[in-house]
Structures are given as C-alpha cells and as structure tokens.
Enquirer: 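One structure coming up, written as structure tokens, with questions to follow.
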Amino acid sequence: MNPAYSRVRSGVLYEEAKQYFPGGVNSPVRAFRSVTGPPVFIKKGNGSRLWDEDDNEYIDFCASWGPLILGHNNAAILERVMEAAANGLSFGAPTQWGNHLGKLLLDNNRYIEKMRFVSSGTEAVMSAIRLARGATGRSKVIKFEGCYHGHLDSLLVKAGSGLVTFGVSTSAGIPEAFAKETLVLPLNDRGLLEKTLAEQGHDVACIIIEPVPANNGLLLQDRAFLEFLRLKCTEYGALLIFDEVISGFRVGFEGAAGHYGIQPDILTYGKIIGGGMPVGAYGASHELMRNIAPDGPVYQAGTLSANPVAMAAGLAALEQLLVPGFYEALERKTQYFVQAVQNHCNAKGYEVSIPQIASIFWIAFSRERIITADQIDPKSMEKFKVLHLELLKRGIYFGPSGYEVGFVSAAHSEADLEVAAEKVNEAMDVVFD
Ligand SMILES: *Cc1c(COP(=O)(O)O)cnc(C)c1O
C-alpha cells in the first residue's frame with residue numbers, strides 16, 4: 001500500500017518536537033521507543049484510514065488508543081460538534097448537552113444510578129478512588145499487576161515479585177507514604193487476595209480492576225475471578241471499582257459489568273464516552289454519589305467538565321452505539337480478522353495466539369493462554385518490533401508497543417479487514433523468517 005515507504009517528514013517534525021516536549025511527545029506511549037523509526041505524525045483520518053505527513057496511508061487499529069469505535073471523522077459526531085461549538089466552547093455553567101448525554105447513559109446502563117462527568121480517564125479513576133475512601137473512611141487500595149488506571153500517584157505502583165509487599169512505585173515523584181496505601185496483587189490469584197484481606201481487609205477502601213485488562217496485553221479473566229472480587233468486597237465492606245475506561249461502551253453499551261453481569265460499586269469511563277473529545281465519567285448508586293460535592297463531603301470539580309462540545313461529541317457517538325445489532329456486527333468482523341491471522345499462523349506453525357473479546361484483540365507471541373502480567377515474555381517484544389515496522393510499510397497502523405491491544409471500529413469494512421489480514425500475515429512471514 002505504501003510502495004516507497006518513508007517517514008522523512010515525520011522525522012523532521014519529531015526533531016522539532018523534541019525541542020518542545022520531553023521525548024518529543026505529549027504522552028510517552030507515542031514516542032515509538034520500543035519500535036523502529038520516528039513516531040508517525042498524523043495529518044488526517046477518515047473512516048478506517050489514517051494519513052501521515054509523508055502521505056502514507058494506513059488502515060488504523062490503534063483508534064486513538066480506544067475512543068474511536070466509530071472510526072475517524074464520523075459524520076454525525078462532526079455535525080453535532082459543529083452545532084454545539086457554534087454557540088461557544090465552554091461556559092463553566094450547566095448546559096443542556098450534559099443532561100442529554102447523562103440521560104442517554106443512565107437510561108441505558110443498569111449499573112449506575114448517578115454520575116459525574118470529568119475530562120479524562122485518569123480524572124475519573126482519581127475521583128472514584130477518592131469517593132471510595134470518603135465513603136468507607138478507609139485508605140488502602142488494592143490493584144492488580146498489569147492493570148493501568150491512568151497516571152494518578154497512588155496507582156502508578158507495581159508489585160514486587162509475587163509477594164504482597166507494600167507497593168513499590170514504578171514512577172519517580174511518588175512519596176513512599178502514598179505508595180504504601182496501594183497493595184498490588186497478581187491477577188487471578190484468589191489465595192493471595194484472601195490472605196491480604198484477612199490481614200488488612202479492615203483498612204481496604206476499594207479493590208480496583210480493569211474487568212477486561214487491556215493495557216498490558218489482553219489478560220482476559222474468568223468471570224469467576226470477577227465474581228470472587230464482588231463477593232470479597234461485600235464481605236469486607238470494601239467497594240469494588242470496575243475501571244471501564246477501555247471496556248466501557250466497547251465490550252457492549254454496558255461495558256464489562258453488562259458483559260459479565262456483575263454489579264460493581266463504582267464504575268469509571270473514558271475514551272469512547274467522548275466520541276474522540278476529552279471526556280471521562282464515574283458513576284455509582286444514588287446513595288454513594290450523595291457523598292460527592294456539593295451534596296456531600298468528597299470534593300471533586302473541573303473547569304471544563306461537561307463542556308458542551310465534548311458532551312455533543314459523546315452524545316452523537318453513544319447514540320450510534322445503541323442501534324440494535326451494532327456490537328454483534330462489530331464482533332463478527334473482529335472475529336473474521338483475528339481468525340484469518342490465527343489460521344495463517346497455525347498453518348505455518350508460528351507461535352502466535354490472538355486473544356479477543358468484542359472488538360478488542362491482542363497479538364501474543366506465545367501459544368499459552370495468558371492471564372497474568374508475568375506470563376508475558378519481554379523477549380517476545382523483539383518480534384513485535386519487527387512486525388510493527390513491516391506493518392507500517394504495508395499500510396497497517398498498530399499502537400507502537402507489543403503490550404498494546406488493537407481495536408476494530410465500525411468504519412472497518414469487510415474489505416479493509418480482508419486486506420489487513422493479508423498484510424498482517426505477510427508481515428508475520430517476515431517476523432518468523
Ligand atoms: C486509558 C485508561 C485510563 C486513563 O485514561 P486517560 O484518559 O488517558 O487519562 C484509565 N484506565 C484505563 C483502564 C485506561 O485504559
């Protein structure tokens with residue numbers, strides 16, 4: 001698709017960007033540190049396609065890291081955004097747009113009764129944790145290794161090797177006292193969770209999990225483990241938080257809560273909810289949400305929260321997701337694509353498996369079923385690095401890390417996916433050559 005593949009112009013822009021931004025980027029995952037070449041500077045997107053500053057064309061599976069379930073430049077979203085923007089971008093006062101999106105969401109989600117809009121996934125999680133602490137009067141948080149919850153201090157913490165130690169921060173700049181409030185456990189280990197709760201359960205405000213862990217490979221959990229978390233939270237009076245910033249509106253309109261039929265205490269959303277604009281949200285029961293200011297003592301605010309343009313984009317996006325059959329059609333397309341690549345790899349004897357749920361997939365260079373972070377072999381990332389470059393040359397855009405999942409959007413046609421599978425298979429042949 002890109003015969004004389006070159007990233008000269010991207011390279012020039014990257015050199016310039018390095019003068020302004022640390023690492024030349026405004027979010028570290030964009031920096032292409034674990035793959036080859038300068039970051040691809042994007043000029044425009046339309047439907048399933050992206051074009052970069054060197055005029056290379058790609059079929060996109062990164063989807064802005066998840067939000068673009070309708071593809072790029074969706075006509076209905078654009079129209080609504082223009083309509084809202086024509087009357088001003090922000091007022092710091094309520095508008096009807098927030099009501100419209102709030103109503104649509106609450107009318108179609110059985111797992112929350114009341115919600116608050118914020119401007120990012122990180123903000124949603126940060127607020128949810130504060131709510132959990134405020135409502136329980138406890139301070140400790142249990143999280144799982146391999147789950148990402150945004151860049152708030154208390155959750156940038158990862159466990160030592162297998163033991164339940166006090167959290168060791170994976171970022172500089174986080175006081176030890178904060179890290180100590182976070183207990184990190186491996187996924188899918190009931191025994192260790194049980195033991196931790198027996199010892200410290202009375203101090204635990206909440207257990208937070210990505211019910212579909214999709215930030216460190218795709219570590220699909222058994223429903224039984226999520227049910228176990230629900231049970232234990234109830235037993236110890238801790239709150240269960242489902243961080244649905246990726247899974248919300250992705251594995252179904254009601255996200256993973258709906259998919260697994262499990263009622264968490266607090267849910268967080270981001271990414272898809274804003275239709276490509278910066279929106280996040282958290283929600284819970286009426287009773288829990290009464291703790292939030294101005295009704296209650298847990299403070300949480302935002303200058304640009306629920307600004308009309310972002311609300312209009314979210315509204316136009318979510319309306320399209322409610323069309324009957326939307327998720328079924330998307331999953332069918334995703335399965336077709338994944339199966340086409342898996343079949344090729346199986347036929348050639350390549351060590352590849354592609355876990356998939358709804359329109360999320362992940363290419364694992366292993367035949368094992370991977371459900372915990374420590375099962376991922378860091379050496380397999382060398383294979384991803386080769387794959388990534390071969391895919392760019394062939395006009396396929398994946399997120400620039402082998403730990404990232406891919407997303408199929410409604411804008412991917414069957415023909416797109418047929419071409420993409422063919423290109424991925426060619427690239428796999430180079431990887432395993
Ligand atoms: C992306 C993500 C976040 C952070 O959202 P931002 O909008 O990047 O702040 C939090 N939790 C999960 C599960 C995510 O995937």
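Because the structure is predicted, anything quoted here is derived from the model rather than measured. Counting starts at 1 for both ligands and their atoms, following the listed order.
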Enquirer: What pairs meet the side chain to side chain donor-acceptor pair (under 3.5 Å) rule with one or both residues in residues 311-323, with sequence neighbours excluded?
Expert: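 Every side chain to side chain donor-acceptor pair (under 3.5 Å) pair that includes a residue of residues 311-323, provided the two are not neighbours, is Asn74-Gln320, Arg80-Glu319.
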Enquirer: Which atoms from ligand 1 have a heavy atom of Glu210 less than 4.0 Å away?
Expert: 13 (C)
Enquirer: Search all heavy atoms of Ala364 against all heavy atoms of Pro355 and return the closest pair with its distance.
Expert: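 So the minimum-distance heavy-atom pair works out to CB-CD, 4.4 Å.
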Enquirer: State whether the number of non-hydrogen atoms from other residues, nucleotides or ligands found under 6.0 Å of Lys103 atom NZ is greater than 12.
Expert: no
Enquirer: Starting from atom 6 (P) of ligand 1, locate the nearest protein heavy atom and write down its residue, its atom name and how far away it is, to 0.1 Å.
Expert: Gly121 N, 3.5 Å
Enquirer: Any atoms of ligand 1 less than 4.0 Å from a non-hydrogen atom of Ile246? List them with their elements.
Expert: 15 (O)
Enquirer: Step through the shown structure and confirm whether more than 12 heavy atoms of other residues, nucleotides or ligands are within 6.0 Å of CZ on Arg367.
Expert: yes
Enquirer: Which ligand 1 atoms are under 4.0 Å away from a heavy-atom of His149?
Expert: 10 (C), 11 (N)
Enquirer: Going by the atom numbers of ligand 1, which of them fall below 4.0 Å from some non-hydrogen atom of Asn215?
Expert: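 The atoms of ligand 1 under 4.0 Å from a heavy atom of Asn215 are 12 (C), 13 (C), 14 (C), 15 (O).
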Enquirer: Grab the two heavy atoms, one from Phe326 and one from Leu70, that are nearest each other, plus how far apart they are.
Expert: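 Answer, listing the atom of Phe326 first, then Leu70: CE1-CD2, 3.7 Å.
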Enquirer: Heavy-atom contacts with Ser120 under 4.0 Å: which atoms of ligand 1 show up? List them by number with element.
Expert: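 Those qualifying, in numeric order: 7 (O), 9 (O).
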Enquirer: Which ligand 1 atoms, with their elements, are less than 4.0 angstrom from a heavy-atom of Thr122?
Expert: 4 (C), 5 (O), 6 (P), 9 (O)
Enquirer: Using every non-hydrogen atom in the two residues, find where Ala373 and Glu145 come nearest and quote the distance to one decimal.
Expert: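 Taking Ala373 first and Glu145 second, the nearest heavy atoms are CB-O, 3.9 Å.
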Enquirer: Does Lys271 reach ligand 1, in the sense of a heavy atom lying below 4.0 Å from it?
Expert: yes
Enquirer: Specify the protein heavy atom at minimum distance from atom 11 (N) of ligand 1: its residue, its atom name, and the distance to 0.1 Å.
Expert: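 Atom 11 (N) of ligand 1 sits closest to the protein heavy atom Asp243 OD2, 2.7 Å.
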Enquirer: So which heavy atom on Glu254 is nearest to which on Arg110, and how close?
Expert: OE1-NH2, 2.5 Å
